[in-house]
Amino acid sequence: MIYSSSRFQTWERCGAMLEARYIKGLEPEVTSANLVFGKAVHQVWAEWLLAWHEGNAYDMASAFEEEWGRRTEATAIEYNTLFDEQALLTLGKRLGKLFPEAWEKSGLVLAVDHDNQPLVERHLMAKVGGVLVQGYLDLVALDSDGNICVADVKTPSSASSEEFALEADQLTLYQILVEANQDGLDLDGPVRKLGFIEGLKRKREPKVLPPLWVPAREEPQKQRFARKIQWIDRQIQDRQFHRRSLAAFDSPCNMCDYRELCTTGSMDGLTVSQKRKQREATLAASLPLAANA
């Protein structure tokens, strides 16, 4: 298995959830509107950054409306009581209008690789303690002092805390991936800052916050993370997919897409992912025919 931040987080939330999603390839037939919205925002903000880097104009509001329309047409979406389809469209356009000003105020410029390509939405892989890991970095930038900064773009309803940023495994993984690929990325110097660029998903007063930066991880924290993912990998290789109900007030079962599968064995509302079907079809096509076939 190739591990990512989302896979580590899923296993820590519940082993049965990881087995259902990533081993069996099951996914809900409907997708959370928050997930679709976040991906649409990521796409449009990334496109704006690339256009900004090249000195080209880019209409964020129109681009988000087009991207949101494309995704809502292609995906069965489950909305909550606060944001319906139109409300999220309006919110995405408002955040899109706020992002350019917030970016300009940040003083950041995009880092580029040896081909002069900006490090935006970059897929990186590395081996950490023998475990293959990957990540899609939202952006790598340079601040006004030339420090290399790795940022994750989020659209939460409330701002992340500095304490969370200091401990977030996702940021630790991103730093490790950048450092492992430093020569290929043509970065001059070590990663100095990690953090979040957040667009707050608020109906009345959406905001794009200034970047929240924390110092890059020191070697002991990276080593702890490496030991942790080695341990997780061993648990998964041993098929230790234990269920974790936790306490009633913070149980992952309450909002889990696979709760009916665990409690009753029902597959209602679940389907095998297209990626899983494609892998199985490719495997079947590569197998030799039996003599009596």
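Since the structure is predicted, the reported quantities are computational estimates derived from the model, not experimental observations. Side-chain atoms are counted along with the backbone in the values below, which use heavy atoms only and exclude waters and symmetry mates.
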### Task
Mind running side-chain contact (heavy atoms from CB on, under 4.5 Å) on Leu110 and Leu49 for me, showing each step along the way?
CA-CA 8 Å; Leu110 296 175; Leu49 285 168; 4.1 Å; yes
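Here Thr90 pairs with Gln86, Arg94 under the side chain to side chain contact (heavy atoms under 4.5 Å, CB included) rule; sequence neighbours left out. A search for salt bridge (charged side-chain N to carboxylate O under 4.0 Å, His left out) contacts involving Glu101 returns Lys105, not counting sequence neighbours. In this structure, the side-chain hydrogen bond (donor to acceptor under 3.5 Å, both in side chains) partners of Asp169, at least two apart in sequence or on a different chain, are Lys228. With sequence neighbours left out, the salt bridge (charged side-chain N to carboxylate O under 4.0 Å, His left out) criterion links Lys201 to no other residue. Here Asp183 pairs with nothing under the side chain to side chain contact (heavy atoms under 4.5 Å, CB included) rule; sequence neighbours left out. Remark: Glu104 engages Trp52 in a side chain to side chain contact (heavy atoms under 4.5 Å, CB included) (not counting sequence neighbours). Under the side chain to side chain contact (heavy atoms under 4.5 Å, CB included) criterion, Asp233 pairs with Tyr3, Val131, Gln237, not counting sequence neighbours. The ring pair (Phe, Tyr, Trp, His ring centres under 6.0 Å) check on Tyr174 picks up nothing, with sequence neighbours excluded. Judged as a salt bridge (charged side-chain N to carboxylate O under 4.0 Å, His left out), and not counting sequence neighbours, Glu121 has no contacts. Not a single salt bridge (charged side-chain N to carboxylate O under 4.0 Å, His left out) links Arg244 to another residue, sequence neighbours left out.
Between Glu198 and Ser160, the side chains place a donor N or O and an acceptor N or O closer than 3.5 Å (distance only, hydrogens not considered). For the 3.5 Å distance criterion, the side chains of Ser6 and Ser4 qualify, holding a donor opposite an acceptor. Between Gln9 and Ser5, the side chains place a donor N or O and an acceptor N or O closer than 3.5 Å (distance only, hydrogens not considered).
With respect to the salt-bridge test (charged N to carboxylate O, under 4.0 angstrom), the residues Lys39 and Glu67 do not qualify. A salt bridge links Glu219 and Lys222; the closest N-O separation between the charged side-chain nitrogens and carboxylate oxygens is under 4.0 Å. Between Lys93 and Glu65 a salt bridge is recorded (basic side-chain N to carboxylate O distance below 4.0 Å). The residues Asp152 and Lys154 are annotated as salt-bridged, a charged nitrogen and a carboxylate oxygen being separated by less than 4.0 angstrom. Between Arg122 and Asp113 a salt bridge is recorded (basic side-chain N to carboxylate O distance below 4.0 Å).
Between Phe37 and Phe83, the distance separating the two ring centers is not shorter than 6.0 angstrom.
Note: Trp45 and Phe99 have parallel aromatic rings, judged against thresholds of 30 and 60 degrees for the angle between ring planes.
Residues in residues 214-234 take part in these ring pair (Phe, Tyr, Trp, His ring centres under 6.0 Å) pairs, two or more places apart or across chains: Trp11-Trp231. Counting only residues at least two apart or on different chains, the side-chain hydrogen bond (donor to acceptor under 3.5 Å, both in side chains) pairs with a member in residues 124-137 are His123-Gln134.
Inter-residue side-chain proximity for Arg7 and Arg21 is flagged as unmet; no heavy-atom pair is nearer than 4.5 Å.
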